[in-house]
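Below is one structure; the comments refer to it alone.
Everything numeric here is computed off the predicted structure, so don't read it as measured data.
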Amino acid sequence: MIYDCIKSSTFKLQKNIMFKNILLVIVLVVTFVSCKKEKEIQTLNSSNYFDVLNKEFTGDLAFETTSFIEKYWRVVGNTGFNKSVYRIADELEKSGFVKEDVATNTDFLTYRIEKRPLEKPTWESVNAEVKIVGEETPLLQHSTNRNMIALNSHSTPKEGVTAEVVYVKDIQKLKTLNIKGKIVFAETSPSRIFKQAIVEGGAVGVITYSNPKYLQPKKNKTSIQFRTIPLNEEVKAWAIAMSYEAKEKLKATLLKGKVVLSVNIETNIYPSEELTIIADIKGVKSPKERLVFSAHIQEPGANDNATGVGVALEMATLTAKFIKEKRFTPNRTLTFLWGDEIISTNRYVKEDSIRAKDIKWGISLDMVGEDTEKTGGTFLIEKMPDPSAIWTRGKDKHTEWGGRKMKLSEMKPHYLNDFLIDKFKEQGKRANWVVATNPFEGGSDHVPFLKADIPSVLFWHFTDQFYHTDNDRIDKVSKTTLKNVGVTSLTSAFTLLNADKKTAKSILMNIEKAAISRLKEEQYQSEVALTKGDSLKTQIAIISAWNNWYAKTATTTADIVKDSAAFKKEVKKSQKLIDSMSLKIIKELVKKDSLITSEKL
């Protein structure tokens, strides 16, 4: 009996263990299949854009493209510029884009290369060397300083030019000097003295130095910031730009007596055509409405702007991959434009008024891959014109690139500013990446959009101690930065492309928070200003300007939700909140000013 009982218990135990094992296997199999399926067909939506893109935007193609393009000193129409265009086209085709002229109605990924004759010839540098006669070591040579030849310079005769150097300390006295047949040396831009020195004075060429302080020339002694002279087919002149090291060497040699330079320059100047490449990812619901990313190709450097080109290309090809895998479907059209800075974007906006009215957003990608440990500076979002471009104070600061004080009539209230800042700050937290902003300054591809009243911002870095110099090379580029910019740009793009009423409400809430935060900051700044003796009238004007800017910004969210009376009520509610807070702040400032005045009596 005991045996039978033990046998029965053992059997039950074994059966129980077997059942549990089977159950465990089933759970594991189901989990594995589920995970595998999720990994294979994970579709993108607003809740997972950041997660998916941080995994799949590697930065590899962006970096490879940057590395290819930065090898060339790119001027529109020249060899390097055109090779860059066709490199972009090759990558687009690999990812499934079809040439527009052979595309069918079912092709949602298309591109075109626009070709136009150039009015003026293109230019490219080939080689150059400058020697102080009597010395073996060159003062400058193209192999180490490819920016030494000023753009539009002609070649010297094959044997070169040998001539005495005349140092002009005060360029106002240039017209009084006998410089015919000589080389003029001055510490200014070559374009500034070109006409007087060469065309009128008969100098054989000019050699100049004008690196700004933010390039830290005493530290970066070999850097040359590229310079330009007018293209003159009659005079066929040339100019050399110098590094700090070369400038100091030449000045020291001149102190010893007469200096003769041997200059040998080879350039190519020839007729060509202007190429612009445009890729479209067609939206399925509102294909006429679009977001446009613009990245200019020309410039001699890596960060400026091979990085912008590379990031835009990886964004385009990755989006194509998602669409082909049926993981993402854009409701609006996503457009990428690569071309000549400002000129190509300006043409795109102006040449087709019907298309232009449906461009909802424009974003400029310019200098977006910096290794800031080497270059200095930080990643910046240059905001659309807001009151910080009039009253720049507190955390708002202009870069060393510089910006003028704007007028209230030039303000461009829109949700795009705070929407993008919010997205980039989120990626900053995820990736421990510094993101900052600067007031509007201009100078890149966001300007043509803004002039056409299309909301637009600039993504860039500054201050870069190698900006526009021949030390802006691939070693100053960070793949991590390329990835951060690409991930957040695409997250923002996908959100806008498929924005709906829910998105609009989220953006409106973000605007409320941003407005409250800004008004509190401006109140603090105004209180400080009043204690320093600034006028109450000015402080009220500042608060009122921000109030007006955010109230109008709230209104712009209605372009996402068309003909929605309910949403318009939400907008008015937000405006009322902003107005109420502004009024409260103004009353407190009036009290503060009265107190300060009474204390003085």
- Message: Test your reading of the model: is there a side-chain donor-acceptor pair from Lys502 to the backbone of Ala499, 3.5 Å cut-off?
- Response: no
- Task: Kindly say whether Met384 contributes a backbone atom to a donor-acceptor pair with the side chain of Asn417 at under 3.5 angstrom?
- Result: yes
- Can a donor-acceptor pair be found between the side chains of Asp371 and Ser478 at a distance below 3.5 Å? no
- Task: Classify the side-chain pair His296/Asp340 by whether it contains a donor and acceptor separated by less than 3.5 Å.
- Result: no
- Can a donor-acceptor pair be found between the side chains of Thr307 and Thr66 at a distance below 3.5 Å? no
- Just say parallel, tilted or perpendicular for the rings of His468 and Phe226, cut-offs at 30° and 60°. tilted
- Message: Please check: side-chain N/O of Thr43 versus main-chain N/O of Arg327, any donor-acceptor pairing under 3.5 Å?
- Response: no
- Query: Is Arg112 salt-bridged to Glu114, cutoff N-O under 4.0 Å?
  - Reply: yes
- Any Ser564 side-chain heavy atom under 4.5 Å of Lys501 side chain: yes
- Taking every heavy atom of Ala279 against every heavy atom of Trp338, the minimum-distance pair comes out as CB-CZ3, 4.0 Å
- Query: Are Lys219 and Gln465 close enough that a side-chain donor and a side-chain acceptor fall under 3.5 Å?
  - Reply: yes
- Query: Can a cation-pi geometry be assigned to Arg87 and Phe68, taking NZ or CZ under 6.0 Å from the six-membered ring centre and within 45° of the ring axis?
  - Reply: yes
- Item | Centroid-centroid under 6.0 Å between Tyr214 and Phe462 rings | yes
- Query: Is the NZ or CZ atom of Arg473 both under 6.0 Å from the centre of the six-membered ring of Phe466 and within 45° of that ring's axis?
  - Reply: no
- Under 3.5 Å, is there a donor-acceptor pair between the Arg393 and Ser526 side chains? yes
- Query: Glu314 side chain to Thr58 main-chain N or O, any donor-acceptor pair under 3.5 Å?
  - Reply: yes
- Would one find more than 12 heavy atoms of other residues, nucleotides or ligands at under 6.0 Å from atom CD of Glu351? yes
- Item | Arg404/Glu441 ion pair, N-O < 4.0 Å | no
- Message: For Tyr111 and Ile278: C-alpha separation, side-chain torsions, deciding distance, then whether side-chain contact (heavy atoms from CB on, under 4.5 Å) applies.
- Response: CA-CA 5 Å; Tyr111 82 95; Ile278 300 168; over 6 Å; no
- Message: Determine whether Gln298 and Glu341 satisfy the following criterion, side-chain contact (heavy atoms from CB on, under 4.5 Å), listing intermediate values before the conclusion.
- Response: CA-CA 7 Å; Gln298 100 297 335; Glu341 188 173 18; 3.2 Å; yes
- Charged tip of Lys383 within 45° of Phe440 ring normal and under 6.0 Å: no
- Item | Backbone of Asn54 reached by a side-chain donor or acceptor of Lys483 within 3.5 Å | yes
- Task: Report the C-alpha distance between Ser47 and Asn45 in whole Å, list the side-chain angles of each, state the deciding distance to 0.1 Å, and finish with yes or no for side-chain hydrogen bond (donor to acceptor under 3.5 Å, both in side chains).
- Result: CA-CA 5 Å; Ser47 67; Asn45 56 64; 2.3 Å; yes
Check: residues 506-514 side-chain donor-acceptor pairs under 3.5 Å, at least two apart:
from   : atom 1 : to     : atom 2 : distance (Å)
Asn510 : ND2    : Asp418 : O      : 3.2
Glu512 : OE2    : Ser574 : OG     : 2.5

- Message: Strictly below 4.0 Å, N to O, side chains only: are Lys94 and Glu91 in salt-bridge contact?
- Response: yes
- Between Thr437 (side chain) and Ile381 (backbone), is there a donor-acceptor pair under 3.5 Å? no
- Message: Whether Glu527 and Lys532 form a salt bridge (side-chain N of Lys/Arg under 4.0 Å from carboxylate O of Asp/Glu) is what I want to check.
- Response: no
- Item | Side-chain H-bond candidate by donor/acceptor type, Thr375 with Glu370, under 3.5 Å | yes
- Task: Could you walk me through whether Asn438 and Trp401 pass the side-chain hydrogen bond (donor to acceptor under 3.5 Å, both in side chains) test, one step at a time?
- Result: CA-CA 11 Å; Asn438 68 278; Trp401 199 90; over 6 Å; no
- Message: Between Glu56 and Lys321, is the salt bridge (charged side-chain N to carboxylate O under 4.0 Å, His left out) condition met? List the steps.
- Response: CA-CA 10 Å; Glu56 301 201 36; Lys321 175 178 177 286; 3.0 Å; yes
- Message: Tell me if a side-chain donor or acceptor on Glu274 pairs with a main-chain N or O of Arg116 at a distance below 3.5 Å.
- Response: no
- Give a yes or no answer on whether the side chain of Thr557 reaches the backbone of Thr553 with a donor-acceptor pair at less than 3.5 Å. no
- Residues Arg290, Asp358: salt bridge by 4.0 Å N-O rule: no
- Non-hydrogen atoms of Asp470 and Asn147 that approach each other most closely: N-ND2, 3.1 Å
- Query: For Trp546 and Ser388, which heavy atoms make the closest approach, and how far apart are they?
  - Reply: CZ2-N, 3.4 Å
- Item | Short side-chain donor-acceptor distance under 3.5 Å, Ser582 and Asp579 | no
- Task: Identify the residue among Thr333, Thr335, Thr110 that makes a side-chain hydrogen bond (donor to acceptor under 3.5 Å, both in side chains) with Asp280.
- Result: Thr335
- Query: If you measure from the Lys or Arg side-chain nitrogens to the Asp or Glu carboxylate oxygens, is any gap between Lys357 and Glu289 under 4.0 Å?
  - Reply: no
- Mind running salt bridge (charged side-chain N to carboxylate O under 4.0 Å, His left out) on Lys429 and Glu426 for me, showing each step along the way? CA-CA 5 Å; Lys429 289 177 183 177; Glu426 184 174 343; over 6 Å; no
- Item | Donor-acceptor side-chain pairing of Gln225 and Asn211 below 3.5 angstrom | no
- Task: Taking atom types as modelled, find out whether Ser364 and Ser444 have a side-chain donor-acceptor pair closer than 3.5 angstrom.
- Result: yes
- Message: Working note: Met315 + Leu365, criterion side-chain contact (heavy atoms from CB on, under 4.5 Å); need CA distance, chi angles, decisive distance, verdict.
- Response: CA-CA 11 Å; Met315 287 167 64; Leu365 296 166; 4.2 Å; yes
- Item | Side-chain donor or acceptor of Trp549 paired with backbone N/O of Pro385 under 3.5 Å | yes
- Judged by modelled atom types alone, do Asp396 and Trp391 share a side-chain donor-acceptor pair under 3.5 Å? no
- Would you indicate whether Asn432, at its atom CG, is surrounded by more than 12 heavy atoms from other residues, nucleotides or ligands within a distance under 6.0 Å? no
- Item | Phe81 ring center within less than 6.0 Å of Tyr72 ring center | no
- Option passing side-chain hydrogen bond (donor to acceptor under 3.5 Å, both in side chains) with Lys412 (candidates Asp453, Thr556, Asp386): Asp453
- Any salt bridge between Arg430 and Asp51, counting N to O under 4.0 Å? yes
- Query: Which pair of heavy atoms, one from Val349 and one from Pro448, lies closest together, and at what distance?
  - Reply: CG1-O, 4.2 Å
- Mark yes or no for whether Asp472, through its side chain, and Asp304, through its backbone, hold a donor-acceptor pair below 3.5 Å. yes
- May I have the step-by-step check of side-chain contact (heavy atoms from CB on, under 4.5 Å) for Leu109 and Val98, ending in yes or no? CA-CA 6 Å; Leu109 305 170; Val98 179; 6.0 Å; no
- Query: Where do Thr276 and Ser344 come nearest, in terms of heavy atoms and distance?
  - Reply: OG1-OG, 3.3 Å
- Task: Kindly give the heavy-atom pair with the smallest separation between Arg332 and Ile560, and that separation in Å.
- Result: NH2-O, 4.2 Å
- Query: Is the Phe293 to Phe336 ring centre distance short of 6.0 Å?
  - Reply: yes
- Message: If we count only N and O atoms by modelled type, under 3.5 Å, do the side chains of Glu299 and Asn305 hold a donor and an acceptor together?
- Response: no
